[in-house]
Amino acid sequence: MPVDMRTFLAHVELANPVCTAAGCAASGRELAQFFDLHRLGALTTRSVTMAPRAGRPTPRMAETPSGMLNAVGLQGPGIDVFLERELPWLAQRGIKTIVSIGGGSVAEYSELARRLADAPGVTALEVNLSCPNMEDRGRVFAREGGSAAEVIASVRSIMRYDVPVVAKLAPDVADIVAVARACVDAGADALTMINNPLGMAIDTETLRPSLAAVTGGLSGPAILPLAVRCVWQVHAALPGVPLVGVGGVMTGKDAFQLILAGACAVGVGTALFHDPYACLRIERELEELLQARGFQRLADAVGLAHRPPGSAARHLLVDTEESTS
Amino acid sequence: MPVDMRTFLAHVELANPVCTAAGCAASGRELAQFFDLHRLGALTTRSVTMAPRAGRPTPRMAETPSGMLNAVGLQGPGIDVFLERELPWLAQRGIKTIVSIGGGSVAEYSELARRLADAPGVTALEVNLSCPNMEDRGRVFAREGGSAAEVIASVRSIMRYDVPVVAKLAPDVADIVAVARACVDAGADALTMINNPLGMAIDTETLRPSLAAVTGGLSGPAILPLAVRCVWQVHAALPGVPLVGVGGVMTGKDAFQLILAGACAVGVGTALFHDPYACLRIERELEELLQARGFQRLADAVGLAHRPPGSAARHLLVDTEESTS
Amino acid sequence: MQVTGTVLTTRRVDAYHALTVVAPGIAERHRPGHFVSVAVGGAHTSMVTRRALTVHDVKADYGGTVELVFTVRGPGTAWLAERRARDTLDLVGPLGRPFPLPRDPVHCVLVGSEYGSAVLFPLADKLLERGCRVDFVLGAAGADRVFGAMRARRMAETTTLTTEDGSLGLRGRVTDALPSVIADTRADAVYACGPMESLRAVTAVAMEFDIPVQVAVEESMACGIGVCMTCVLPVIGDDGATRMVRACAEGPVFRGERVRFEDVGTIPFDALGAPGGGARHAG
Amino acid sequence: MQVTGTVLTTRRVDAYHALTVVAPGIAERHRPGHFVSVAVGGAHTSMVTRRALTVHDVKADYGGTVELVFTVRGPGTAWLAERRARDTLDLVGPLGRPFPLPRDPVHCVLVGSEYGSAVLFPLADKLLERGCRVDFVLGAAGADRVFGAMRARRMAETTTLTTEDGSLGLRGRVTDALPSVIADTRADAVYACGPMESLRAVTAVAMEFDIPVQVAVEESMACGIGVCMTCVLPVIGDDGATRMVRACAEGPVFRGERVRFEDVGTIPFDALGAPGGGARHAG
Ligand SMILES: Cc1cc2nc3c(=O)[nH]c(=O)nc-3n(C[C@H](O)[C@H](O)[C@H](O)COP(=O)(O)OP(=O)(O)OC[C@H]3O[C@@H](n4cnc5c(N)ncnc54)[C@H](O)[C@@H]3O)c2cc1C
Ligand SMILES: Cc1cc2nc3c(=O)[nH]c(=O)nc-3n(C[C@H](O)[C@H](O)[C@H](O)COP(=O)(O)OP(=O)(O)OC[C@H]3O[C@@H](n4cnc5c(N)ncnc54)[C@H](O)[C@@H]3O)c2cc1C
Ligand SMILES: Cc1cc2nc3c(=O)[nH]c(=O)nc-3n(C[C@H](O)[C@H](O)[C@H](O)COP(=O)(O)O)c2cc1C
Ligand SMILES: Cc1cc2nc3c(=O)[nH]c(=O)nc-3n(C[C@H](O)[C@H](O)[C@H](O)COP(=O)(O)O)c2cc1C
Ligand code: FES
Ligand code: FES
């Protein structure tokens, strides 16, 4: 029997939990050459900024053990072109689209929200809080509950009530739960975890940093244990908040770990660089894993690893009840 | 020509920069079966605690992509047995020994320092700040500059002036430089970075956390980019402070990255689990890399990647001067 | 010691894979009960920990070979199963504390479950050399997982086989057969290897007969050389105190009655250094 | 598309390695200038990014094969060099924008440096099919790194070889020989592949002769399919504005005079969306 893979991101239903991660699927058209984007849980856009951005100089990439560093610097066409060309292309095709936004001040995030508030085709708004706050010496919003909350409160007040606002958090903090709580208190309907922790590599031939930008974001399987831990901690503290688990998901098993930790959806980033079909494969593998373990619904697996050891798994109890009735 | 591999940890000279990382060489005797411990830059002990500790239940280990999680829980015999049996064994053999200490309160760290203050054979004292502060709801000292500084100030005031006090920091903070600065201001003579970031894995068969302790410390190559970044940032901010780079060092090239980022010594942990001879191999590989690039002294490579791009490398200028004289 | 060995032969033995590896230094120093740790995944692998495997057989060919017998569990053993003759394998060993051997030519029952049987054959060789009588009890879930039945029959006075599904020998577990074997052979000692649950039951039987039992335990290991402290289990020392000891360094062989099997996977409250209680007894 | 291809043959060609891989879907859709990306390291590798390689040769055998020619640079290409016949390779392709072909039977000079020559041979085939005249200029640091000299001689009207150490052909670089080849052959167009510095110089020569030049650039790539934005370089668009465009999606083939070679590795201040200046021109 097929598993019911539907999931809810706040009140928005997704056909399945496997989404692309922000900034890892360009405009959508690139992946559409490989498969039908309707098969995604949702496509998350790159983080759209007010002005067009040329991004950082190259080299922007360095491979690290089971991971990679990137310093793209939010290259993108800016909100005008996004609204003119990128979003309509997705909207016309009815592709579930989580629009990610990035800004350098509360005002910029708010302006982006305003521009997107009436745009058709915004399934949810993801607020990338891993951007430097230009009004606080470039300190990243996600590093500090207060400024993160300010952004979320403003964006939430501007966006239409029926579009969930999702705060995207980074693991480079002393207490991820505190930042998560601040965002939820400020009105975030859901949370995405994790953005890239900051890393660095040095080229031992040139004796210089491998990236032109010196430091960059670490992604890929190396960070999966950090993502699982963040999702676990936040789900334990805020069990009612929908979580999108992101970070190092390469297989259905990786996605399953995040779901058992408490994520109701997962984002796939670096895996797309290796395998353009990664989302479809991961979704299939996840369904097979659920099926093999007797799950009838994905929803029954969300956060299941939190149940006290030894307690019977709900999904199996349901099975028994049905077979004895 | 062989490279001069000597290095200084504050005023203490080490014959070479490659040390074992805290908690990864047990009592020293285990590795001594494989090679002569005098060939280490220094041996770092496990973090010694006041009372003996049985540690955490098993499973204590889970493999992750290019890394592993551990939750050993500072199992060890306690300071009495350490002073009676473990330290003398090392001291009698004249093995350079960095003693690591761990505590649950400022008082406990201070008491450990007092017990070690007059013990022979303490080359340096490393303060493992990744322990839960029992007086602050279990918040880890390293996560907060204030409590880290309190520990360091107290330990520094107790230890003999000629034994360097080294603060060991963890990357799970919003601003590693702030914590580093707080420790240095409180009297730390050097800093070790990084301890394990907190991670987690879930067993997709049992649907439960893989570790009995639920979360655990991530180590191994996966975290090398985090270590390089922390060393880089702290060296940039506090160029005069000696840094011990730790995290994911498996090869001489990895060690070289940390040295170019600003470390004057490196610690090897997880690599020892894979290769008992790892420290010797890494030292040899590092020397070969330095030699191939024309370095005469390890010291000339420390922090070299910080020089402005295009500026001539000091170590090569020296070469030229000598050959033209 | 660390050895880069060359795979000499590979074969399937029912549900198991067997690799013979040329590893002179290890073969020479090997005693029954020792294990080796194997690096898996090759260059640039994402698998950072070694895999512990006991040595099934040691031969003098090519300067010394060891045979490893294993079941595919996860990615590391799957990689091992793909090795072919002439591939190289990075081994560290011999590791651990081997089986203590009796001075006198006593009667010994060797009890193996699943691939745990493998480690008993070099032991049986040594026991026979010393004039001991050897009897085997080998068991597994099904016939294809009972390891070494033929070889056991050739070496031992008697060999009793058990399978849980009844597909070979007696239906049941090794411990269902063990009491009568001990009684029939008037055994003086038991040696056992297999899953923890099986070792627990074997130990209980031996204790009932009041004869010594040596068990080789299996705990998840990251280093195998005693430095990572991940492989611990609660064992009672000569002084009566329970300590969390390392399966790789103090073990893998322990006296069965010293292992607190019911408490494996916990820190017993009375263990030395246990949170709360144990710490006070210490120092 | 993604194909799990089987390695048919492996060979060494001087300093290079060549792999022929059965990959029907890719072979069929391949146009000169396309590249493929190869997964390296096998199962459970720590290498997460693919390696981009141009296709040297396409044959119809076995439903379609592609030949890859490469030099060992780091761990990924080292792994590729160890592949043997019958191993499988995971390829994605064909990728990128191929060389535009002239409508008319014009005279073309094909300039290749190091392994950059490889991509020019399928191009030469197509040009010859269309009745173009083809002349080659191939160069490298030394004789063993000049790729495809023999094949070039068989296909082209003339083949000029250059090496920096003078070990083969003229001493110097391809651009030292290029002007006279263009003049002698009355070339109408230039196609080039090789390191950025070589492409810059080739473009300068072609511009001097006022003939069009198509260059296939090489930038460090993480995805090869246009989604990661790591492979960008500054290119001038039809509207005269400079944009940071993706070598994998908008390239790897560009009109030479449109590439701002001096600014590769930087964000030119006048690029669309550049910090400070460029952003204002946008929207
Ligand atoms: C002393 C000793 C001797 C052993 N002898 C044999 C033998 O002869 N034949 C055989 O088939 N198996 C033996 N095992 C078990 C064998 O080590 C594991 O099956 C193997 O490590 C699993 O690796 P994997 O990659 O397949 O699984 P994974 O689950 O991917 O392994 C992940 C990590 O956990 C560790 N691990 C997982 N399960 C075990 C386990 N049961 N014991 C130890 N470490 C584990 C691995 O070493 C690795 O670090 C022995 C174990 C020990 C401790
Ligand atoms: C379109 C294109 C076609 C190419 N065709 C060929 C070819 O036919 N033959 C050949 O020998 N080489 C070719 N290259 C270069 C080849 O991709 C690199 O040499 C190779 O990726 C290096 O991998 P590595 O593991 O050996 O080195 P590493 O330095 O370990 O690679 C690390 C990472 O950097 C990337 N990388 C490093 N150098 C380059 C580079 N020069 N170009 C692109 N990515 C790089 C790798 O993809 C990988 O992600 C081509 C590159 C591009 C962009
Ligand atoms: C090349 C690249 C670009 C990214 N761009 C963005 C972005 O624009 N906005 C954002 O919120 N996250 C961005 N991310 C972070 C990813 O969305 C994701 O959180 C992270 O990479 C971890 O997931 P992964 O390991 O699956 O890649 C980017 C990551 C990469 C690798
Ligand atoms: C099993 C294990 C035990 C450790 N014990 C300690 C410890 O007692 N004190 C400490 O400061 N760090 C301890 N660490 C952290 C290491 O010293 C080191 O900082 C970390 O593992 C990163 O280095 P690596 O990747 O080389 O292992 C331990 C790490 C591991 C894996
Ligand atoms: S496996 Fe590391 S101490 Fe036993
Ligand atoms: S390599 Fe990813 S966009 Fe070009």
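Per chain, numbering begins at 1; letters A, B, ... match sequence-line order.
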Would you say that D:Val92 contacts A:Phe34 through its side chain, given a criterion of any heavy-atom pair below 4.5 Å between the two side chains? yes
In this structure, are over 12 heavy atoms from other groups packed under 6.0 Å from D:Arg173 atom CZ? no
Can you name the nearest heavy-atom pair linking A:Ala54 to D:Met244, along with the distance? O-CG, 3.7 Å
Identify the heavy atoms of A:Pro57 and D:Gly265 that sit nearest to each other, and give their distance. CB-O, 3.3 Å
Are D:Ile267 and A:Arg56 side-chain neighbours, meaning at least one heavy-atom pair lies under 4.5 Å? no
Using the side-chain contact (heavy atoms from CB on, under 4.5 Å) rule, pick out the option among D:Ser220, D:Cys223, D:Cys228 that qualifies with A:Met61. D:Ser220
Please check if atom CZ in A:Arg85 has more than 12 non-hydrogen atoms from other residues, nucleotides or ligands closer than 6.0 Å. no
Taking all atoms of both residues into account, what is the closest heavy-atom pair of D:Gly226 and A:Ala26, and its distance? O-CB, 3.5 Å
Heavy atoms only, distances under 4.5 angstrom: which of A:Gly269, A:Gly67, A:Ala212 has the most pairs with chain D? Name it, please. A:Gly67
Is D:Thr49 close to chain A through its backbone or its side chain, or both, or neither, when contacts mean heavy atoms under 4.5 Å? both
At a heavy-atom distance under 4.5 Å, which candidate from D:Val232, D:Thr266, D:Thr45 has the highest pair count against chain A? D:Val232
Under 4.5 Å to a heavy atom of chain D? For A:Arg46 that would be side chain
Hey, are the side chains of A:His274 and D:Val48 touching, using non-hydrogen atoms and a 4.5 Å cut-off? no
Heavy-atom count check: over 12 atoms from other residues, nucleotides or ligands less than 6.0 Å from A:Arg93 CZ? yes
Between D:Arg243 and chain A, with a heavy-atom cut-off of 4.5 Å, which part of the residue counts as in contact: side chain, backbone, both or neither? neither
Between the main-chain N or O of D:Met229 and the side-chain N or O of A:Arg60, is there a donor-acceptor pair closer than 3.5 Å? yes
Sort A:Thr49 into side chain, backbone, both or neither according to what part of it lies under 4.5 angstrom from a heavy atom of chain D. neither
Heavy atoms only, distances under 4.5 angstrom: which of A:Gly220, A:Gly78, A:Ala25 has the most pairs with chain D? Name it, please. A:Ala25
Enter the distance from D:Gln2:CD to A:Arg281:CZ here, rounded to the nearest 0.5 Å. 8.0 Å
Are the side chains of D:Leu233 and A:Thr58 in touch, meaning some heavy atoms are under 4.5 Å apart? no
Please examine the side chains of D:Ile225 and A:Glu30, heavy atoms only from C-beta on, and report whether any two atoms are closer than 4.5 Å. no
Short N-O contact, A:Glu63 and D:Arg50, less than 4.0 angstrom: no
What residue in A:Phe35, A:Phe273, A:Tyr277 has the most heavy-atom pairs under 4.5 Å with chain D? A:Phe273
